[in-house]
Amino acid sequence: QVQLVEFGGGSVQAGGTLRLSCAASGYTKCMAWFRQAPGKEREGVATIYSFAVDTFDTNYVDSVKGRFTISRDNSKNTLYLQMNDLKPEDTAMYYCAADPRSSSSTCSTRSYNFTYWGQGTQVIVSS
């Protein structure tokens, strides 16, 4: 059982920045950030797979490429999402998730193996 707790959401103006954190009670190689806007389906934002202490593979949804950066500190069991140049369409509840079963080739936001989820942190971007 892995417990996840997100921090760092808030309200910012367009063009602003936020850094989300997710504290995990245990280690899993495959982790991700998802988001869900009101009235919309949940969307995968980014994944990160840990090969070693400081070797990772990351992937992003097209809409955040170049603006968001997913990272992790395995020594602290903490996942991050640095969000720059925020846009109103980034407004959503953001969730971190852990997939204890996927390999590097299957670590994807399309995976059905994300077993553990945080409670979410709200991000609001005003124009």
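All figures in this text were calculated on a predicted structure; none of them were measured in a lab.
A cation-pi arrangement is not found for Arg42 relative to Tyr95, the charged atom failing to lie both closer than 6.0 Å to the ring centre and inside a 45° cone about the ring normal.
Around CD of Gln82, the count of heavy atoms belonging to other residues, nucleotides or ligands within 6.0 Å exceeds 12. Other residues, nucleotides and ligands contribute over 12 non-hydrogen atoms within 6.0 Å of the CD atom of Gln122.
Contact annotation: the side chain of Lys87 never approaches that of Ser127 to less than 4.5 Å [non-hydrogen atoms, C-beta and beyond]. Between Val45 and Tyr60 there is no side-chain heavy-atom pair separated by less than 4.5 Å. Between Val12 and Thr17, the closest side-chain pair of non-hydrogen atoms is not below 4.5 Å.
Of the inter-residue distances, the one linking Asp73 atom CG with Thr78 atom OG1 reads 6.5 Å to the nearest 0.5 angstrom. One distance of note links SG of Cys30 with CG of Asn113; it measures 8.5 Å at 0.5 Å rounding. Atoms OG and CZ, from Ser50 and Phe56 in turn, are 5.0 Å apart once rounded to the nearest 0.5 Å. Here CG of Leu81 is found 9.5 Å from CG of Leu18. Values are rounded to the nearest 0.5 Å. Interatomic distance, CD1 of Ile124 versus CE of Met93, reported as 9.0 Å (0.5 Å rounding). Note that CE of Met31 and CG of Leu4 are 5.0 Å apart. Values are rounded to the nearest 0.5 Å.
Between Phe34 and Trp117, the ring planes lie tilted relative to each other; the angle falls in the 30° to 60° range.
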Derivation and outcome, side-chain contact (heavy atoms from CB on, under 4.5 Å), residues Arg35 and Val64: CA-CA 12 Å; Arg35 65 186 180 186; Val64 307; 4.0 Å; yes
Decide side-chain contact (heavy atoms from CB on, under 4.5 Å) for Leu79 and Cys96; before the verdict, give the C-alpha distance in whole Å, the side-chain angles of both, and the deciding distance to 0.1 Å. CA-CA 8 Å; Leu79 177 72; Cys96 69; 3.9 Å; yes
Yes or no on side-chain hydrogen bond (donor to acceptor under 3.5 Å, both in side chains) for Ser108 and Ser111, after CA distance, side-chain angles and deciding distance? CA-CA 5 Å; Ser108 164; Ser111 166; over 6 Å; no
Under the side-chain hydrogen bond (donor to acceptor under 3.5 Å, both in side chains) rule, what do Asn84 and Arg67 come out as? Steps first, then yes or no, please. CA-CA 5 Å; Asn84 298 331; Arg67 300 188 299 121; over 6 Å; no
Checking side-chain contact (heavy atoms from CB on, under 4.5 Å) for the pair Thr121/Leu20: CA distance, chi angles, key distance, verdict? CA-CA 8 Å; Thr121 185; Leu20 305 183; 4.0 Å; yes
side-chain contact (heavy atoms from CB on, under 4.5 Å), that's the test. Do Trp33 and Cys22 meet it? Break it down for me. CA-CA 9 Å; Trp33 287 98; Cys22 172; 3.8 Å; yes
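Residues Gly120 and Glu6 come closest through the heavy atom pair N-OE1, 2.9 Å. Taking all atoms of both residues into account, the shortest heavy-atom contact from Pro88 to Ser126 is CG-C, 4.5 Å. In terms of heavy atoms, Gly44 sits closest to Val61 at O-CB, 3.5 Å. Smallest separation of non-hydrogen atoms from Val123 and Met83: CG2-CE, 3.8 Å. Nearest heavy-atom pair, Val2 versus Ala24, reported as atom, atom and distance to 0.1 Å: CG1-CB, 4.3 Å.
For Tyr49 and Phe51, the gap between ring centers is short of 6.0 Å.
The backbone N or O of Ser103 sits less than 3.5 Å from a side-chain atom of Thr106, completing a donor-acceptor pair. Proximity of a side-chain donor or acceptor of Thr91 to a complementary backbone N or O of Val125 within less than 3.5 Å is detected. In this structure, the side chain of Tyr116 does not engage the main chain of Thr28 through any donor-acceptor pair within 3.5 Å.
By the 4.0 Å N-to-carboxylate-O rule, Lys29 lies too far from Asp99 to be salt-bridged with it. Using a 4.0 Å cut-off between a side-chain N of Lys or Arg and a carboxylate O of Asp or Glu, Asp62 and Lys65 qualify as a salt bridge.
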